[in-house]
Amino acid sequence: MCHAFNYTIGDIYARFKRMKGFNVLYPMGYDSFGLPAENAAIKAGTHPKVYTDSAIANFKVQQRALGLSYDWSRVVSTCEPDYYRWNQYFFLKFFESGLVFRKAASVNWCPKCATVLANEQVHEGRCWRHKDRDVEQRNLEQWFIKTTKYAQELLDCVDGLDWPERIKLMQKNWIGRSEGVTLRFDVVDDSGVVVDGVETFTTRVDTVYGITYLVLAAEHPKVLEYVKGTELEAGVLAFVEGVKGQSTIERTAEGREKSGMFLGRYFINPFTGEQCPLWVADYALYEYGTGAVMAVPAHDQRDFEFAGKYGLPMRVVIVPEGETFDTDTLEAAYADDGVMVDSGVFNGLNNQDAKEAIADLAEEQGWGWRTINFKLRDWLVSRQRYWGTPIPMVHCQSCGVVPVPVEELPVLLPDNVSFGGGNPLENNPDFVNTNCPKCNGPARRETDTMDTFFDSSWYYLRYCDSQNSAAPFAPEKTAYWMPVDQYIGGAEHATMHLIYARFFTKALRDLGYLDFDEPFTRLFNQGMIHGEDGFVMSKSRGNIIEPRAIFKRYGIDATRFFLVSLAAPNKDMIWSSDAIEGSKRFINKVIRYFETVETGVSNPMVESKLNAAIRDVTEDIAGFKYNFALRRIRELFDALTPVENRATLESFLKLLHPFCPHITEEFWERLGNKDFLSISSWPSCDEEKIDPRFELVEELVDQVRQDIRQIRDIVKEEPETIKIYIAQAWKYMVYEKALLGSKNLISEVMADPDVRRAGKAAAKFAQSLMKRHFLKPILPQIDEKTALTDSVKLIEDEFTCGVEIMFAEESRSEKAARAEPGRPGIELS
RNA sequence: GCGGGGGUAGCCAAGUCCGGUCAAAGGCGCUAGAUUCAGAGUCUAGUCUCAUAGGAGUCCGAGGGUUCGAAUCCCUUCCCCCGCACCA
């Protein structure tokens, strides 16, 4: 149902924009490579290609059934050579420009997927697909894409995007820029001889006088180098292996105890000249910064805990104004701002100023340099799996890694493979064995395939020119259509697809393929549909709502209507089998109405409502407030009478059409139209026809009827006659003056002879109005009379009794005397 | 811990930016009446409490405050959801 929801949101928007006269590119494509398909195929004992094709066919049936107005001529499927050859093409282009490289690194490995993962695909230390399985670290040589080259630009452009703030924030956090200083320390041996140097990145250079030790990450190559041949070697080696053997989740678990070992070396803090010990610790991350952390236990909680555990010294160098700290009684690190102490020439400065001054000093002395660090890592794109784009590279014994020439693309994914014994490509000699493009000697094909996020990073460009067999797309076509004006997707893409696609756009721009910076101008984040139990729909929970069963039972239009009527589409919502009945009911009412309505002349009240609805619905759809739009449409529908003019009926159908394309198209035709409603033009609002007095009339009549009911219920007697007294003419004069807000209301109104004739009652009424802080707008006396006279039949029918409407002047009744503008006197008898 | 979003009547959900027409839209559920042999469906009304004349009281997580007036503005506090998280 989640897919249906997402598609419906997009289709409504596309239909709306189309009717508004835009040339809308609204395509569909299938991100059909990938592990889920491969695994499902293996499980089902079939080939991924067969499995994928049937899944797509199935999808298409559902999508067509949903009435989605896709341009099917542009459909793409990423597992087709027509598509993935261009993945290979871009891979080679990136390789040429240095954006693709190969390196050995400690990488994320998901045992369930049996492949490596990019950083973005590890969530809370687990594979994004397998929340129940920890990701392991393995040292492997892999293909990477240099996304970090664009880290700064990716960050800078976030602010200019018309995206939900939370997604923008997630991107910023993910890119994770931090400004600091890289410091270089001399490393000395036991006897104080300088033997090496080590670099460390810090954002808190103001705390350098508080450094008491330094830790290296377990993976840091210097760890083993320093202990080699010493009595510490065995212990440290065991420690390092132990750390590496832990899963990411174990290593980063909250509140876990930190541990480490001394490395037998020291370093000199150039600021103090002090010699402090060098440690290896599990809390230092090799991938971030330089993989080494200067430790300031007094001002960093992690260092504080570590120092406490191993009895390492602590030195306070920042205190809150006017306070002192005693290291013996300090219960936690002090990480806030304050005044510098025990920091040589910087004493007395506030620490923020000191940060700059110390950085200046470090740079002057050559001890370090200002550095900007990003959390974003390069994108690990190779996967040890079959169902993906083959990486177009060849390993030659003599030439090394050689790219496949562009003319030889695509490197086809072989069909004939067997599963079960590792990567099927590796075990396929026909695929693996090849000749080196350079020396023509024997060579092996790269057997890794690409992360499927590579496929999805540029598909929107392919939509512009999906049949092009000579190029990924023609530049003039992308120039016409792109960037995407409106993108719709879930928040789960925030730090994966949306990062990669943005990177791709920038990289392709710099390679000369595109002339814009960002792929998706506006992003709308749809909410999630939860099962009736309130949980996310999942097969394992058994709370899935099968779209086809729903379509069958309620029909497509009712389903579409329901999906966007409950809540704003950007909010999560809980599926409700009851509530969809309400949508179905409405659709049935619309159908019945259009089956019986006669065309004729509409009344001005309906015209007024129609135009107000056009105005509001247009605005609501444009702002994705579909639930509001539907509420307006319902209200408008309630106002329609058995005879309406054709234009009114057509406008109503137009407003409803994006939501319910089928029934509206049907009745559009029955009204005598030859062309499709879906390509007709969106109605425009005629402000002239909107008269707020109609609302007052409705309110007045409703109010009177409600009052009658209430009185009847209180006296518990069915009335025989109902007398309704329209307030005295002079009360309207007074009320209108009061609405204008005069200060001397009483004397002002008493100047009017008609009012004065009412005597004390007039003064009293004026006074009571002045006491009210808010006055409702009212109708003129005569309009009230007309409105109520028009409603006599209605009231008579409801209460099955006679109804008399008269002016209060015509009666001496006490009820007549209390009549007010907007609130006629009522007498039941 | 940091950041973001929320808490509105039996349920879902508007309203909050720009305070008053807010006992608070709409939908669902429920109740009553009409239609019907009956049910379904449809239509009408009601659905916080009290009330023998259209009224009164209480209410928008909790507690304070500003204001003639607060669901709406300010402060404090509790709870829920989401993202990031040993990032130096």
**Q** Identify whether the distance between the nearest side-chain nitrogen and carboxylate oxygen of R712(A) and E798(A) falls below 4.0 Å.
**A** no
**Q** With rounding to the closest Å, how many angstrom separate the P atoms on rU8(B) and rC81(B)?
**A** 15 Å
**Q** Report the base-pairing partner of rU58(B) (Watson-Crick or G-U wobble, both distances below 3.5 angstrom), or none.
**A**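 Across all strands, not a single nucleotide pairs with rU58(B).
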**Q** Using atom P in both nucleotides, what's the gap between rA32(B) and rG83(B) to the nearest angstrom?
**A**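 Approximately 46 Å lies between the P atom of rA32(B) and that of rG83(B).
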**Q** Side chains of D337(A) and N351(A): donor-acceptor distance under 3.5 Å anywhere?
**A**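 On atom types as modelled, these side chains qualify, holding a pair under 3.5 Å.
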**Q** Taking atom types as modelled and ignoring hydrogens, do the side chains of D206(A) and Q352(A) form a donor-acceptor contact shorter than 3.5 angstrom?
**A** no
**Q** If I take atom CG from residue L656(A) and atom CZ from residue F652(A), how far apart are they, to the nearest 0.5 angstrom?
**A**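 Rounded to the nearest 0.5 Å, the CG-CZ separation comes out at 5.0 Å.
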**Q** Scan residues 708-718 of chain A against RNA chain B and write down, sorted by residue number, each residue with any heavy atom closer than 4.0 Å; if none is found, say none.
**A**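 Residues of residues 708-718 of chain A that come under 4.0 Å of RNA chain B are, in numerical order, R709(A), Q710(A), I711(A), I714(A), V715(A).
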**Q** Return the value, rounded to whole Å, for the distance between atom CG of N627(A) and atom P of rA13(B).
**A**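 Those two atoms, CG and P, are 11 Å apart.
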**Q** Roughly how far apart, to the nearest Å, are rU58(B) and rU42(B) at atom P?
**A**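 Result for the P pair: 40 Å, nearest Å.
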**Q** Without decimals, in angstroms, what is the distance between L775(A) CG and rG69(B) C1'?
**A**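 In whole Å, rG69(B) C1' and L775(A) CG are 14 Å from each other.
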**Q** Give none if rA14(B) has no partner; otherwise give the nucleotide forming a Watson-Crick or G-U wobble pair with it, both distances under 3.5 Å.
**A**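 Checking every strand shown, rA14(B) finds no partner, since no pair has both distances under 3.5 Å.
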**Q** Distance between the P atoms of rA34(B) and rC28(B), in whole angstroms?
**A**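 rA34(B) and rC28(B) have their P atoms separated by 22 Å.
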**Q** Which nucleotide, in any strand shown, forms a Watson-Crick or G-U wobble pair with rU47(B), with both distances under 3.5 Å?
**A**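 Answer to the pairing question: rG29(B), which forms a Watson-Crick or G-U pair with rU47(B).
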**Q** Round to a whole Å and report the spacing from CZ of R592(A) to C1' of rG41(B).
**A**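 Those two atoms, CZ and C1', are 8 Å apart.
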**Q** Will you find, in the side chains of D282(A) and S259(A), an N or O donor that is under 3.5 Å from an N or O acceptor?
**A** yes
**Q** What nucleotide among rA53(B), rC84(B), rA45(B) has an atom nearest to a side-chain atom of K815(A)?
**A** rA53(B)
**Q** I'd like to know if the side chain of T148(A) pairs up with that of D378(A) as donor and acceptor (distance under 3.5 Å, no hydrogens or angles considered).
**A**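 Note: T148(A) and D378(A) side chains meet the donor-acceptor criterion.
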**Q** Any chance the side chains of R502(A) and Q171(A) put a donor and an acceptor closer than 3.5 Å?
**A** yes
**Q** Whole Å only: how far is the CG atom of D572(A) from the P atom of rC80(B)?
**A**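 Taking atom P of rC80(B) as the reference, CG of D572(A) is at 18 Å.
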**Q** Are more than 12 heavy atoms from other residues, nucleotides or ligands located less than 6.0 Å from atom CD of Q301(A)?
**A**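 Counting other residues, nucleotides and ligands, CD of Q301(A) exceeds 12 neighbours.
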**Q** Is there a side-chain contact between K589(A) and the phosphate of rG41(B), meaning an N or O under 4.0 Å from OP1 or OP2?
**A**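 The answer is no; no side-chain N or O of K589(A) sits under 4.0 Å from OP1 or OP2.
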**Q** Rounded to the nearest angstrom, tell me the gap between atom CG in D336(A) and atom P in rC2(B).
**A**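 Result: 10 Å.
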**Q** Go through the side-chain N and O atoms of Y209(A) and N269(A) and say whether any donor and acceptor fall under 3.5 Å apart.
**A**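 No, N269(A) and Y209(A) have no side-chain donor paired with an acceptor closer than 3.5 Å.
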**Q** Using whole Å, report how far CD of E798(A) lies from C1' of rG33(B).
**A**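 The distance from CD of E798(A) to C1' of rG33(B) comes to 10 Å, rounded to the nearest Å.
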**Q** With side-chain contact (heavy atoms from CB on, under 4.5 Å) as the criterion, how do L640(A) and V597(A) come out once you've worked through the C-alpha distance, each side chain's angles and the decisive distance to 0.1 Å?
**A** CA-CA 9 Å; L640(A) 294 179; V597(A) 69; over 6 Å; no
**Q** Counting only Watson-Crick pairs (N1-N3 plus N6-O4 or O6-N4) and G-U wobbles (N1-O2, O6-N3), all under 3.5 Å, who is the partner of rG3(B)?
**A** rC82(B)
**Q** Sticking with atom C1', work out how far rA13(B) lies from rA71(B), rounded to a whole angstrom.
**A**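 My reading of the C1' atoms in rA13(B) and rA71(B) gives 15 Å.
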**Q** I'd like the P distance from rG29(B) over to rG20(B), given in whole Å.
**A** 32 Å
**Q** Assess K375(A) against Y288(A): is NZ or CZ under 6.0 Å from the centre of the six-membered ring, and within 45 degrees of the ring's axis?
**A** no
**Q** Which nucleotide, if any, forms a Watson-Crick or G-U wobble pair with rU67(B), using both distances under 3.5 Å?
**A**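 Across all strands, not a single nucleotide pairs with rU67(B).
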**Q** Heavy-atom contacts under 4.0 Å between residues 162-178 of chain A and RNA chain B, which residues?
**A** R166(A), L169(A), M170(A), S178(A)
**Q** Under 3.5 Å for both donor-acceptor distances, Watson-Crick or wobble: does rU21(B) have a partner, and if so which one?
**A** none
**Q** Hey, can you pull the residues of residues 817-829 of chain A with a non-hydrogen atom under 4.0 angstrom from RNA chain B?
**A** R818(A), R823(A), P824(A), G825(A), I826(A), E827(A), L828(A)
**Q** Which pairs of donor and acceptor atoms, one on a side chain in residues 815-829 of chain A, lie under 3.5 Å apart (sequence neighbours left out)?
**A**
unit_1: E820(A); atom_1: OE1; unit_2: R772(A); atom_2: NH1; d: 3.3
unit_1: E820(A); atom_1: OE1; unit_2: R772(A); atom_2: NH2; d: 3.2
unit_1: E820(A); atom_1: OE2; unit_2: R772(A); atom_2: NH2; d: 3.0
unit_1: R823(A); atom_1: NE; unit_2: D707(A); atom_2: OD2; d: 3.0
unit_1: R823(A); atom_1: NH2; unit_2: Q703(A); atom_2: OE1; d: 3.3
unit_1: R823(A); atom_1: NH2; unit_2: D707(A); atom_2: OD1; d: 3.0
unit_1: R823(A); atom_1: NH2; unit_2: D707(A); atom_2: OD2; d: 3.0
unit_1: E827(A); atom_1: OE1; unit_2: Y725(A); atom_2: OH; d: 2.6
unit_1: E827(A); atom_1: OE1; unit_2: S813(A); atom_2: OG; d: 2.9

**Q** Rounded off to whole Å, could you give me the CZ-to-P distance for the R632(A) and rG15(B) pair?
**A** 11 Å
**Q** I'd like to know if R709(A) and D713(A) make a salt bridge, using a cut-off of under 4.0 Å between side-chain N and carboxylate O.
**A**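 No, this pair does not count.
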**Q** What string of B, S and - do you get for nucleotides 16-29 of chain B, 5' to 3', if B is base contact, S is sugar-phosphate-only contact and - is no contact with any protein heavy atom under 4.0 Å?
**A** ----BB---B-SSS
**Q** Any luck finding a side-chain donor-acceptor pair between Y500(A) and E120(A) under 3.5 Å?
**A** yes
**Q** Between rG61(B) and rA45(B), how many Å separate the two C1' atoms, rounded to a whole number?
**A**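 Pairwise C1' distance, rG61(B) against rA45(B), rounds to 33 Å.
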**Q** Going from CD1 on I587(A) to CZ on F561(A), what distance comes out if it is rounded to the nearest 0.5 angstrom?
**A**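 So the gap between those two atoms works out to 5.5 Å.
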**Q** Here's a test of your reading of the structure: between Y288(A) and A567(A), which maps to the more 5' nucleotide of RNA chain B?
**A** A567(A)
**Q** Mind checking who rU52(B) pairs with, Watson-Crick or G-U wobble, both distances under 3.5 Å?
**A**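 Its partner is none (no Watson-Crick or G-U wobble pair with both distances under 3.5 Å).
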**Q** Excluding sequence neighbours, so at least two apart, what forms side-chain contact (heavy atoms from CB on, under 4.5 Å) with M261(A)?
**A**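 Testing M261(A) for side-chain contact (heavy atoms from CB on, under 4.5 Å), a comparison that skips the adjacent residues, returns V236(A), F239(A), V280(A).
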**Q** For F628(A), report the nucleic acid contact type (base, sugar-phosphate, nothing); a contact means any heavy atom under 4.0 Å.
**A**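 Counting heavy atoms under 4.0 Å across all strands, the contact made by F628(A) is with sugar-phosphate only.
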**Q** Say we look at rU49(B) and rC59(B): how far apart would their C1' atoms be, to the nearest angstrom?
**A**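 Between the two C1' atoms, the distance is 10 Å.
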**Q** How is A284(A) classified with respect to the nucleic acid when contacts are heavy atoms under 4.0 Å: base, sugar-phosphate, or nothing?
**A**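 The residue A284(A) makes base contact.
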**Q** Without decimals, in angstroms, what is the distance between K625(A) NZ and rA13(B) C1'?
**A** 15 Å
